[in-house]
Structure formats: C-alpha cells, structure tokens
Amino acid sequence: MTELALTDLRCEYLVDPLGIDTPRPRLSWMLASNRRGERQTAYQVLVAQSRERLAANEGDLWDSGKVESDQSVHVTYDGVELSSHTQCYWKVRVWDKTSRASGWSAPARWSMGLLEPADWKAKWVGRDEAPAHESGAENGPVSPSEHRRLPARMLRREFSVAKNVKRATAYVCGLGYYELYLNGAKVGDHVLDPGLTDYAKRALYVTYDVTERLKRGDHAIGVVLGNGRYFAPRLRVPVETVTYGCPKLLLQMRIEYDDGTVSEIVSDETWRITTDGPIRSNNDYDGEEYDARMELEGWCRPGFDDSGWHHADLVDPPGGALTAQMAEPIRVTETLHPVALGNPQPGVYVYDFGQNMVGWARLTVEGPRGSRISLRFAETIRDDGTLYLDNLRSCKVTDTYVLKGGGTEIYEPRFTYHGFRYVELCGFPGEPTRSTIEGRIVHSGVERIGNFSCSDDLVNRIYGNIVWGARGNLRSIPTDCPQRDERQGWLGDRAIVGKAESYDFNIARFYGKWLDDIQDAQDDKGSIPDLAPAYWRFYTDNVTWPGAYIIMPGWLYEQYGDRRMLETHFLSMKKWIDFMSAFVKDGIMPRDHYGDWCVPPESQHLIHSEDPSRKTNGSLLGTACFYHDLRLMVRYATILDRPREAEEFSALAERLRSAFNDRFFCEETHLYDNGTQTSSVLPLAFGMVPKEHVGAAVDRLVENIVVTNEGHLATGLVGGQWLMRVLAEHGHADVAWQLATQRSYPSWGYMVEHGATTIWELWNGDTADPAMNSHNHLMLVGDLGVWLYEHLAGIRPDPDQPGFKHIILCPQPVRGLDSASARHRSMYGTIVSDWRIHGPTLLWDVTVPPNATATLFVPTHDAEAVTEGGRPADEAEGVIFLRFEEGTAVYGVQAGLYSFAAPYSPDRKCKIPKAATSS
Ligand code: BGC
C-alpha cells in the first residue's frame, strides 16, 4: 500500500449516520498508507445534496476548496445552513506530504433529522392504563406489586402508496422501548432502543431509511412498546425510583415521491392499539412473559382485522426535548453456545455458558400447545448445581414462554435482559439438549478498536475479564452491574475505568451521551447526582461520584481531541464547582459520602470494612479529589481561553493544597492521616505532595504495599483509580506488576483463581454477603486497564496534541514479563506497540498511523546501539534522535511501521520520563 487512500469517513464519529441534529457536524477521515512520514498537507471536502452531484464533483452544500491544513479529525462543516431532512453526501481528497493530491474518497453520507419541535407533526399515542397487578405470590422482601407488570403495547396503522417513492424516512421515539415493523418484518437491528435518558428532560428519537420497503401498494406499520425504565421496574425497591408512566409512541414517516411531492404518516388517534398481544409482561429486572398462543398473526401486515383493537389514546408527551440518538444502539453482538448442561433436580436443567455475560437466551422448542417453559438466570450456582440467586436481590430474572404448539418455536425476549453465566430451564416438554438454548450477547454496539495481550496468562485473563465486564455494562449508559435490581449509571464507577474502555471500544458517542445525561441531571443549584440518569434521586453532594463529570471530559478530550465536548459542558461543570466550593471550609472540602468505596474488608463475609485503619478519612478524599477537579478546570478553562476562570480555579486549588498538607501530612512519617494506601496515592497522583517529600511519600506507599500488605493492594474505588499509575510513574513498575499478577486475596488474580470471568464488585466476591455482591462490576478495575495500555504496552495520547495526533510511546517492561502488545485504532488509524525481550535485546515493533507523529521512549542503557530495521536508529527514515533521558533513548518519529532493537537489561533503573507521564 504505497498509494495514499482515504478511508473511514465519519460524521460526528459515526459511519453514515441518519437523522442527526448537530447543525454543524464534524467530519473525520483516515489516511491509509504505509509510506513513512505520510501526512496530510491540505484537504478538500465536498458535500452535496445528491449522490449524482457529488459524483460530478459539485459541492452544492459545501465545497471547502483546498484548505492548507493537516486537520483530518473533527473538521467542522462550514457550508450552507442545514435544515431538517437534508441529505448530505460527501467525500474528501487530501494532499500528501509531497503536496500531491490523492484521489477522492469513496462517498459517505449523513442526513439531518428533525431540527425544530415544529417539524414534528406526529402526536404522542399510547394507552395510559395499567391493569391491576397480578399476584406474584413471591416470598421475599418485595411485595408482589413491586414487580411491576404491564403487557407490551402493540400499535398499528395501514396506508397506501400510490406513486413511486424516492425516499422514505421513519423517525421513531417509543418509550421505554420500541420495536418498529413494516409489512411484517422488523426494521433495523436495534434492541432495547432508544437509549436510557431522563425522559422529562430528553427523549431520543431514531431515524430509519425505509425506502426499500415502500413500493406502490398497501402497507402496514406496527410498533411494539415495552416498559424499559419509562414504566419503572420498581417504585420503592431497593430505593424510591422515578417512573414516568405507561409506554408511548411518537412516530413520523416522511415519504418523498419521484414527482417531488411529500406525504407524512404520523402517529395519532387514528392508530389502533392493543395490550392483548403475546408479551404479557416485561421488566428489566423480572424478565418477560410471552404467551405464543396470543400471537396476532399478520398484525403488522396490511389487511389484518384490527376491529377488536382500541383507538390509540392521545397521551401527554414525556416532557423532555426530542433529540436525535447519536450514539450506537444496543444490538445482539454475538451468540454463545453452552459449554455444559446439568440436571440437578427432576425437570430442572441448568446450562453453563462458561462466561458471565449479558443478554438473554434464545430458546428452540417443539411441544404441545400451552406448555409453559421458564428460563431463569444467575451468575453462579450452588454446590448442588442449582442456581444461586441471593445476590440478585429482588429480581425475578425469569423469562416465561407458553407454547402455541404445532411445530418448532423459537423464542427470544424483546424487552428485558439479564446478567448471567447459568440458565435454568424448567417445564421443557421432553428432554432438552445443549442446542435447546443459545446465549445472545447484547450491549451498545460500540466498535471494538483495541486489544492488549502479553506473555503472562493471568494478566491476559484479567484483561479479558475487563473487556467482558465492559461489554456487559455498556447499555446506552455505563451501568454499575447488569443483573440485580440496580443497573444504574453510577458516576464514580467509571471516572477512570471509562478511560480504559476507550482503548478497547470507540466510546466517544457513548460517553458523550452520558455527559449529556449528567448535564440533564444537574439541578438548578448546580448539584449533580451520584448516578445519571437520576432514576434514583441521589443528590448527596459528595465530591467523588459527581466529580466524574469533571474528570471524564478531560480524558475524552485526550483520547478523541474533542474540544466541543469541553465547550458543551464547561458551564455546567463550573456550576457544580461553584456550588461545591461553598462547602469548602478553611481550605478543606469535607463532602464525602461513600468513602473509598469497597476497600478489601478484613473478613471474608463483610461488604464494607469495619476497621478504621483500612478506611480513608472523608475530608482527605474530598479535599484531594476536589483539588484535582479544580486543576482539571484550570486546564479546561485554559484550553477554552477563559483565563479569568482559570485563575479563580487555580487560586482555590492552591488554598486546598496548602490546607490539605497542613491538616493531613506528617513530615516525620511522610504519611497522610492514618496512612492508608489511598491517602498516599491521591496526593501523589494529583501533585499535592510538597516536592521535597515526594520520594519519601512514594517509599512509604511502596512499603505499605510490599511489606505491610505483603504485595497486596488495599484501595477501593477511589484510590484504585490512580494506584497503578502512581507506582509506575514513580519508578515502581515492578510493584505495579506485583499487584497485577497477585493471586491471593485481595487481587484481580484472586478473582480469576476463584472462577471470575468478569470483574467482581467486591474483592471478596466469592464469600461476601450477597446483599451487595455483583459478579459483573467494573469499578474495582481502577486504573489497571489504563496502565496495561499506557504503561505496560506504552501507548498514550499527548495531552497537548490530543486525539493521538501526537502519540507518546513509552513501554515499561517489567521483570518477569517477556512481551506485551497493544493495538488501538485512534481517529488517525491503528497505533501498535509490540515489544518482546529476546536475550539481551528488546525488540519493539511500532506503528504510527499516517498524519500523526510520535515520541518514542526506547528503554535501553545504550542509545548508540539502538537500531531500526537493522540500521542505526538515527539513520532510519522518519526517525530523529532527540536525547537520552532517564534510561530511555528518545526519538521523534513520523508515521510508519518500525522495528526497533535495543540492548536491554532487566536491571536497568528507569523512571518514566516526565514528558511521558500522564496528565
Ligand atoms: C453500586 C455501585 C455504586 C455504589 C455507590 C452500589 O450499589 O452498585 O457501583 O457506585 O452503590 O453507593
């Protein structure tokens, strides 16, 4: 590949998105070339209203002309003002490093959605009636009426098309969940759509191109509505929960004809509705009940007799702004087959998928009409082979299927999901086999863009568990867990873990949406809840959980170079900072609510430690974290050119730092307060420790880990977000490695050794009280995932040229590890760092994508002997030797594929050079 090609055209991060509502979307593309030093010197973008015009090189919406610029990411559309429904076809060409023009890229497209409220002609329809609760007859903490049951709503309308259709577009907002059908077939592959929001603030609509399905003739459109969180699964358990009402629909289909005319099919009172379909109840926590005998054959085909159905009621709108869903929808992404089938009791079969996963089971069955099959889901089993359900709390996690009879029936639920490894099958007519059920994996369809591996099996398994944990909890919001009566977007859990996810998945849109959810949840005073959407009204005004709203935009900016995200959220972030600042007293921020959540407890059965020496002082946590938030705000204000605010934040930060050290730091012991690991980690991570004491403070932390805790961590959610990086960046990569490979309690290795295939909520997740013991939680990953990519493999963005425009490549080989390799597809293309130790030599293969550059830190004691492609490195094309620093030979490197070799000794003392530390 020597010719320069242009690939991966994106509009607002997405491939060919439909119905966007960003008035000036940003366009990005990648350069594909193996040529060293390839870069863009100029570009030209054409945007046209039709494919034909674009093909004729006519940019009737925008012709950027030749722009001398190396910008290939987030180029803001700057053409004719875009109105609702506009179709935009675009392509780009660039000029390469020698100023030669490339060919045009293949065309890409986007379309505009409904930009003004007045564009919506459709009316909200539904049926605001909830039948009396059927008794659940359940023993347990929850009254039957808490298991909120509601049959799915089915809505339909017929229409005819008398002319040739040029384009047909459907805009749908069905709350809580919807499925759209046209002429008997489902439209699109989304499930559990649309994404979760606070519906009183925002409701997401989804756009489909249905042109191909609308020929001349009669048509039927059908929608099934499920509850999701709109008709909340619980009202009071485990805590008071916001609910919005019965499901409802807003649908508008715009049909443009060849003759230039337009007609619209809209939801209104002429639609018909029934609640007597096969989905008798549906609830995220409790499962779905499906009675196939009640299927309404042909209901979404023309000619169906709906005379027994009601007219749809006009219902109140949800209240929130209608906004285009600009994040990847949830999809079924993989199907797993069971690895084992047990039969612990007569008629009870238990399938083992060998993996804690999230989604549901697809059942294949043949049997007599009326047979009732139930599927229950659990993360673990008891010794006798039956399901262990205690840690799912009030969730019934039961999908029920009643057969219609007469042949093979295949069932998978539509409006529920479960977190499980084991599935119990009861009521099966006959003898089930392994192929009776399959596991369907379901999550937000974010692209997988990264991979890490190394020569240590345990670390690979831990990494695999992290990825599975992410897949299970990317659910239009990042959930804490997927299985019990919670599944909320707790902010604290993802402040840093989200950054690790960003190496594995393209989560720019996903987290961008979550930032919007958080902004929506901010109250007038400025308070931010601990979870968003705030289905639980937890406005506790602590620093650590809401502070994620300050932390996340920073790493999103670094990973994606997205300044707009900072702009969009700056004032809301400032509002929170101002609101919280009022709590500061004498330079100390006392607001903490959760402590260093889930430190390893002293007893196997405890959830939270009761030992004060394991706990970190709340004011210490609050002050350190708020200091960090303020420093981030200084940075954002500087990036956004708001010097006055930068100064204000900086002044307050200084007050906090000095009060913090006065109050908590002991100059004799070099410890903060009671000397927990977290109490050392945070001030070191945030640069609060007086310079002259940094070395000693690090030593005390290391002593605590290595000696006091015999090579174990003692951090919870808060301290764990910085632990590995603090060690690595202060010359103790080997201690970080010891933690990463530890197998005894508490450690990630302990989880693996005790059967974990995801990450547990508790370090003692195999023995602790089930009241809070999820086996698929991400929070305790802390910064382990970030450390694997950024330190062990050594790939990270340069905060000053964000989005991997300039890449810092600085691996940190550790004793006992022979190789590590990471790939990450950035907005510029795939970055690779792949090193292995071969005798006295470190071999390092590196890829820097076109139009990006890198600074490379080669770990060696002998800069002169470093080679690239077999020749002295400083003679290699695209490589410039910069300096020798702290045990690394530093090179400036242009785009390309490189193979370095360097003399290497495991005994070498190496500190990560300052320039390569995380911000
Ligand atoms: C959740 C956590 C969350 C925490 C905060 C738990 O129940 O599962 O992930 O951060 O509550 O209190």
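We count ligands from 1, going down the list as the structure has it; atoms in each ligand are counted the same way.
Side-chain contact annotation: Arg229 with Thr241, donor-acceptor N/O pair under 3.5 Å absent.
Within ligand 1, counting atoms from 1 as listed, the ones closer than 4.0 Å to a heavy atom of Met779 are 9 (O). When each atom of ligand 1 is checked for a heavy atom of His777 under 4.0 Å away, the hits are 1 (C), 2 (C), 8 (O), 9 (O). The ligand atoms of ligand 1 that sit less than 4.0 angstrom from a heavy atom of Glu761 are 8 (O). Those atoms of ligand 1 that come under 4.0 Å of a heavy atom in Asp480, given as number and element, are 1 (C), 8 (O), 9 (O).
Protein heavy atom at the shortest distance from atom 6 (C) of ligand 1 is Glu486 OE2, 3.3 Å. Closest to atom 12 (O) of ligand 1, if we only count protein heavy atoms, is Tyr594 CE2, 2.9 Å. With hydrogens left out, the protein atom closest to atom 2 (C) of ligand 1 is Asp493 OD2, 3.6 Å, a heavy atom.
In summary, the aromatic rings of Phe538 and Trp490 are positioned with their centroids under 6.0 Å apart. For Trp763 and Tyr750, the gap between ring centers reaches or exceeds 6.0 Å. Between Trp760 and His775, the distance separating the two ring centers is shorter than 6.0 angstrom.
When all heavy atoms of Trp576 and Val543 are compared, the closest pair comes out as CH2-O, 3.8 Å.
For the pair His147/Arg234, a side-chain contact is recorded, criterion being any heavy-atom separation below 4.5 Å from C-beta on.
Residue contact check for ligand 1: His593 places no non-hydrogen atom closer than 4.0 Å to it. For Arg484, the closest heavy-atom approach to ligand 1 falls below 4.0 Å.
Considering backbone and side-chain N/O atoms, Trp597 never comes within less than 3.5 Å of an N/O atom of ligand 1.
For the ring-ring contact (aromatic ring centres under 6.0 Å, His included) criterion with His569, the lone passing option out of Tyr549, Tyr511, Tyr557 is Tyr549.
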